Amino acid sequence: MRIGILNGPNLNLLGTREPDLYGRTTLAEIEHRLEELGRELGVEVRCAQHNGEGELIDVLHRWRGAVDGVVVNAGAYTHTSLALRDALSAIATPFVEVHLTNVYAREPERRHSMLASAALGSICGLGADGYEYAVRGLVTRLRQSAPSV
Ligand code: DQA
């Protein structure tokens with residue numbers, strides 16, 4: 001089984017970006033932990049981060065048929081990008097949406113997700129650990145639907 005971890009704009013600055021809000025864990029540390037988790041679970045984890053909407057969509061197109069599930073933190077594009085939701089729907093790959101912060105407890109413009117209606121599930125407000133919970137949940141669900149993968 002192969003799982004893609006996709007991070008959007010400004011998440012490359014994790015660790016130093018508004019640490020009181022987003023924590024002090026860097027994206028490299030998160031990705032490293034998820035690769036370790038992948039080995040533990042017997043799944044291949046591949047990671048990508050881009051600041052541009054088009055680049056994120058290009059990654060999803062490349063992952064079509066190449067990954068079995070996606071964990072995505074689309075950053076601010078979560079709240080604006082119909083194109084990203086279309087790309088996630090187009091590749092027909094189950095995905096879990098992650099946010100480090102509880103977006104529902106923040107400014108009104110962060111309380112709507114363009115992606116949520118197409119997601120298998122969402123995890124928010126649990127910091128960097130949320131990625132790990134998302135991978136574990138996604139792998140469990142994928143194994144239930146296709147035990148041989
Ligand atoms: C975020 C929440 C978004 O509203 C914000 O634009 C981000 C990070 C989160 O992980 O909490 O860039 O996705």
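Remember, it's 1-based here, ligands and their atoms both numbered in the order they're listed. On a predicted model such as this, the values are computed, not experimentally measured, just so you know.
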Exercise. So which of Arg110, Glu109, Arg111 gets nearest to atom 5 (C) of ligand 1, if we judge by its closest heavy atom?
Worked result: Arg110
Exercise. Taking atom CZ of Arg33 as the centre, does the number of heavy atoms from other residues, nucleotides or ligands within less than 6.0 Å exceed 12?
Worked result: yes
Exercise. OH of Tyr131 to CD1 of Ile30: how many Å apart, nearest 0.5 Å?
Worked result: 5.0 Å
Exercise. Any side-chain heavy-atom pair from Leu14 and Pro19 closer than 4.5 angstrom?
Worked result: no
Exercise. Quick one: nearest non-hydrogen protein atom to atom 9 (C) of ligand 1, plus distance?
Worked result: Leu100 N, 3.4 Å
Exercise. What is the closest protein heavy atom to atom 11 (O) of ligand 1, and at what distance does it sit?
Worked result: Thr101 OG1, 2.6 Å
Problem set entry | Val103 and ligand 1 - part of the residue with a heavy-atom distance under 4.0 Å | side chain
For this session: Give the numbers and elements of all ligand 1 atoms closer than 4.0 Å to a heavy atom of Arg17.
Result: 7 (C), 12 (O)
Exercise. By number and element, which atoms of ligand 1 are closer than 4.0 Å to a non-hydrogen atom of Tyr22?
Worked result: 5 (C), 7 (C), 8 (C), 9 (C), 11 (O)
For this session: Please test Asn51 against Glu53 for side chain to side chain donor-acceptor pair (under 3.5 Å), starting from the C-alpha separation and ending with a verdict.
Result: CA-CA 7 Å; Asn51 291 315; Glu53 194 175 11; over 6 Å; no
Exercise. Would Asn73 count as a contact of ligand 1 if the rule is a heavy atom under 4.0 Å away?
Worked result: yes
Exercise. Do the side-chain N and O atoms of Thr101 and Arg106 include a donor-acceptor pair separated by under 3.5 angstrom?
Worked result: yes
For this session: Enumerate the atoms of ligand 1 whose separation from the nearest heavy atom of His79 is less than 4.0 angstrom.
Result: 3 (C), 4 (O)
For this session: Return yes when Asn10 approaches ligand 1 closer than 4.0 angstrom through a heavy atom, no otherwise.
Result: no
Exercise. At what distance is the nearest protein heavy atom to atom 1 (C) of ligand 1, and which residue and atom is it?
Worked result: His99 ND1, 3.7 Å
For this session: Return yes or no for this condition: an N or O of Ala76 is under 3.5 Å from an N or O of ligand 1.
Result: yes
Problem set entry | Between Glu97 and Ser113: side-chain donor-acceptor atoms closer than 3.5 Å | yes
Exercise. Is there a side-chain contact between Asn12 and Asn7, using heavy atoms and a 4.5 Å cut-off?
Worked result: no
Seminar exercise, completed: Only residue of Thr93, Leu138, Leu142 satisfying side chain to side chain contact (heavy atoms under 4.5 Å, CB included) with Leu120 is Leu138
